[in-house]
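Read through the structure below, which is laid out as structure tokens, and then see the notes.
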Protein chains: 2
Amino acid sequence: MNLNHLFLFRAVAEAGGFSRAAERVHVSQPAISMQVGELEAQLGLTLFHRLGRGVKLTGAGKLLLGYAQRLGALGAEAEQAIAELKGLRRGHLAIGASTTIGVYLLPNLLGEYRRRYPDIDLQFDIANTDDIERRLVDGTLGAGLTEGLPPDCHELETLVFLRDELVPIAGPDHPRIKTDRKALTIRQLCAEPMIVRETGSGTREVIDRALAKRGQKLQRPSLVLGSTEAIKRAVAAGLGVAIVSHLTIQTELAAGQLAILPVHGFRLNRPLHRLCWRNRARDPATLAFLALLDQRYPPELVSEHRPTRKS
Amino acid sequence: MNLNHLFLFRAVAEAGGFSRAAERVHVSQPAISMQVGELEAQLGLTLFHRLGRGVKLTGAGKLLLGYAQRLGALGAEAEQAIAELKGLRRGHLAIGASTTIGVYLLPNLLGEYRRRYPDIDLQFDIANTDDIERRLVDGTLGAGLTEGLPPDCHELETLVFLRDELVPIAGPDHPRIKTDRKALTIRQLCAEPMIVRETGSGTREVIDRALAKRGQKLQRPSLVLGSTEAIKRAVAAGLGVAIVSHLTIQTELAAGQLAILPVHGFRLNRPLHRLCWRNRARDPATLAFLALLDQRYPPELVSEHRPTRKS
DNA sequence: AAGTTTACATAAGATAATCTTATGGAAGGT
DNA sequence: ACCTTCCATAAGATTATCTTATGTAAACTT
């Protein structure tokens with residue numbers, strides 16, 4: 001007994017005859033006879049009284065009809081649910097991101113996603129790279145966006161989706177902002193009172209390494225703060241300058257609370273990575289997210305020779 | 001997509017692998033691969049992540065699994081319901097009977113039926129032969145038991161299941177009962193004060209016709225009553241004698257409230273008919289009823305030459 | 001790091017299920 | 001009594017599905 005048997009049975013019950021049902025479902029009449037006959041043989045009961053002029057349900061037929069209808073409806077519902085999944089009108093998107101991306105980049109991106117696919121449940125978690133890797137591997141996340149070195153997991157595909165510019169900033173009252181807008185040298189920048197994250201923070205390491213490469217180091221780490229947001233406020237208050245991600249200061253730049261310090265020859269960026277399974281089928285929802293991401297930020301493949309986390 | 005596809009899909013999801021599922025449902029592994037592959041192709045989505053070491057549901061797979069389980073359960077429920085119908089642990093028995101049979105014979109019979117098949121709903125209606133015929137034809141009744149001439153409907157099978165003896169009765173104070181138990185002649189019987197049903201009643205017609213055949217007729221229809229029960233009470237009270245169905249007086253004979261009047265050469269019976277569809281499949285419930293009836297009252301086919309109702 | 005094992009995919013041939021056309025037979029209507 | 005309608009059956013064709021044999025990729029071993 002499969003769904004097709006029951007479908008034809010139902011057609012007969014509803015059409016009131018084998019021939020009429022056959023016509024209605026575009027199949028020959030003997031096909032109907034055989035399927036119904038097989039059903040009757042398997043169940044061991046007659047399902048229709050053959051009246052000569054059409055056909056009528058027996059008690060067993062009435063009983064089965066109820067089930068056939070429910071089974072048909074449920075089967076159709078299943079197919080529709082899957083179709084909705086495929087058509088992005090249902091489903092679940094789970095994204096993991098590191099802090100900066102999660103706070104300053106993802107909300108906007110997910111806003112656009114929600115606008116395009118309003119029926120897909122969204123979930124996004126801010127976590128560190130290790131957690132994101134773990135949750136990608138165990139399937140809890142569909143994709144991850146991270147800032148640090150990408151994890152060295154051969155099951156995951158790693159793409160740089162954006163180079164995050166790190167820029168020197170100062171408050172509106174800084175002399176180089178308020179009076180002359182002449183650019184500093186890098187050496188001069190290093191001599192400014194610099195507000196930084198703690199050593200070990202991803203941002204801090206990028207800065208230290210970049211300066212070291214040019215034979216410089218920070219002269220006056222005047223203040224060490226635990227969050228980018230705190231650093232921005234401190235800089236805005238005139239406590240010093242800082243080097244922060246361009247992503248994090250859009251609002252303050254527009255409001256005039258912060259300004260970019262012009263520095264000769266200063267150019268520093270760090271790659272932002274997009275992580276997801278390499279050889280595994282991806283949800284339509286995740287696929288659509290990745291497509292949206294690629295559309296906003298055309299991707300760039302991470303060569304296998306780049307440094308990765310030991311993990 | 002049919003139930004078998006879903007069954008195999010479910011087996012894979014529950015076994016956690018194609019090979020394990022194949023073993024569990026006694027089918028080759030490629031058969032599983034093909035069925036699941038076909039399902040995926042039809043739905044347009046991957047249902048399992050192939051992990052190399054077994055297999056894991058995707059989001060679409062999880063969604064489908066819920067439906068597959070519900071569909072499987074519902075299908076099993078349908079098969080079980082039908083099996084119960086066949087096994088007489090479910091179903092509905094609808095019997096129509098004429099008054100005497102319905103009151104004096106059926107309760108006992110249906111009691112036995114209920115004892116044997118306690119899960120079958122019973123319905124029995126007392127109606128006249130025309131109604132019973134009509135309700136048999138339209139399928140409302142599964143079988144009918146009637147007293148009069150059987151209907152002349154070629155779609156219905158008519159069997160005599162019992163010859164109902166009509167016997168003369170008197171009250172306990174009747175001289176032939178109380179003092180001498182000498183048998184009356186038929187002529188003498190006809191001269192007794194006789195309590196009868198109205199002309200047109202089936203019983204009355206049988207009696208009149210039988211007496212007429214012997215050149216007799218009732219001399220003293222002293223009282224005409226509309227029900228057999230009323231006649232019995234009148235006879236018991238000594239208002240006269242009567243000729244009634246043997247079926248109706250078992251209790252009163254045992255209680256000594258009525259007695260059979262011995263009459264020389266008096267033998268009168270009428271056939272009781274069992275009606276049901278001739279060429280049509282019968283419910284297990286109805287079949288079991290007919291079997292019970294046949295067991296109690298071995299049947300006798302009504303020849304086509306017997307008189308039938310014009311109808 | 002190479003070999004071994006495990007598990008899914010694929011191909012080819014065999015088997016079974018299902019369909020279609022053609023035809024028979026029974027019941028209903030004229 | 002004839003004609004029509006409708007279901008059942010038979011034969012042949014087609015399609016689904018299964019099995020055996022083999023390929024391939026991932027994971028575990030040493």
Side-chain angles (χ1 to χ4, degrees), chain A residues 1-9 11-43 46-58 61 137-139 152-157 277-281, chain B residues 1-9 11-43 46-58 61 137-139 152-157 277-281:
Chain A
M1 181 179 86
N2 62 31
L3 289 177
N4 201 48
H5 284 126
L6 293 176
F7 175 73
L8 294 182
F9 164 73
V12 172
E14 283 159 9
F18 285 33
S19 304
R20 277 184 286 277
E23 196 173 346
R24 207 179 280 190
V25 302
H26 305 297
V27 92
S28 70
Q29 168 264 312
I32 303 266
S33 280
M34 290 189 321
Q35 295 275 9
V36 172
E38 192 177 326
L39 209 50
E40 289 179 325
Q42 278 179 17
L43 300 176
T46 305
L47 297 171
F48 292 106
H49 293 301
R50 274 70 167 176
L51 304 177
R53 194 95 183 147
V55 106
K56 199 176 132 190
L57 284 170
T58 62
V137 170
D138 76 15
D152 180 25
C153 179
H154 64 287
E155 290 161 311
L156 299 183
E157 177 189 85
W277 275 87
R278 186 188 300 284
N279 293 324
R280 189 176 280 194
Chain B
M1 182 179 84
N2 63 29
L3 289 178
N4 201 48
H5 283 125
L6 294 176
F7 174 74
L8 294 182
F9 164 74
V12 172
E14 283 160 9
F18 286 32
S19 303
R20 277 184 286 277
E23 196 174 344
R24 206 180 281 189
V25 302
H26 305 296
V27 91
S28 69
Q29 169 263 312
I32 303 263
S33 279
M34 291 187 325
Q35 295 276 3
V36 172
E38 193 178 323
L39 208 50
E40 289 179 325
Q42 277 179 18
L43 300 175
T46 305
L47 298 172
F48 292 106
H49 293 301
R50 274 71 166 175
L51 304 177
R53 195 97 181 148
V55 108
K56 199 176 133 192
L57 284 170
T58 63
V137 169
D138 75 17
D152 180 25
C153 179
H154 64 289
E155 290 160 311
L156 298 183
E157 176 189 84
W277 275 86
R278 185 186 301 281
N279 293 325
R280 188 175 282 193

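Numbers restart at 1 for each chain; the letters A, B, ... are given by sequence-line order, proteins then strands.
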The side chain to side chain contact (heavy atoms under 4.5 Å, CB included) partners of A:N4 (sequence neighbours excluded) come to A:N2, A:F7, A:L8, A:Q35
Applying side chain to side chain donor-acceptor pair (under 3.5 Å) to A:D138 and not counting sequence neighbours gives A:T140
Contacts satisfying salt bridge (charged side-chain N to carboxylate O under 4.0 Å, His left out) that involve residues 13-22 of chain A (not counting sequence neighbours) are A:R10-A:E14
Tabulate atom names and distances for all N/O pairs under 3.5 angstrom spanning the protein and nucleotides 10-20 of chain D.
from   : atom 1 : to    : atom 2 : distance (Å)
D:dT17 : OP2    : B:E38 : OE1    : 3.1
D:dT17 : OP2    : B:E38 : OE2    : 3.1
D:dT17 : O3'    : B:Q35 : NE2    : 3.4
D:dC18 : OP2    : B:Q35 : NE2    : 2.6
D:dT19 : OP2    : B:S28 : N      : 2.9
D:dT19 : OP2    : B:S28 : OG     : 2.7

Atom pairs and distances, side-chain donor-acceptor, residues 21-34 of chain B, under 3.5 Å, sequence neighbours left out:
from  : atom 1 : to    : atom 2 : distance (Å)
B:Q29 : NE2    : B:S33 : OG     : 3.0

Using a cut-off of less than 4.0 Å, is there contact between a side-chain N or O of B:S33 and OP1 or OP2 of C:dC8? no
For B:R50, the side chain to side chain donor-acceptor pair (under 3.5 Å) test, sequence neighbours excluded, returns B:E40
Axis-to-axis angle for the helix from C:dA1-D:dT30 to C:dT30-D:dA1, ends of five pairs each, to 10°, equals 30°
Checklist entry - Do any side-chain nitrogens or oxygens of A:R50 fall under 4.0 Å of OP1 or OP2 in D:dA8? => result yes
Rounded to whole Å, CG of B:L47 lies from C1' of C:dA9 at a distance of 16 Å
Readout for nucleotides 25-30 of chain D: B = base within 4.0 Å of protein heavy atom, S = sugar-phosphate only, - = neither; 5' to 3' it is -SS---
What residues 17-25 of chain B contributes to the DNA chain C interface at heavy-atom separation below 4.0 Å is B:G17, B:F18, B:S19, B:R20
To the nearest angstrom, the CZ-P distance between B:R278 and C:dA27 comes to 11 Å
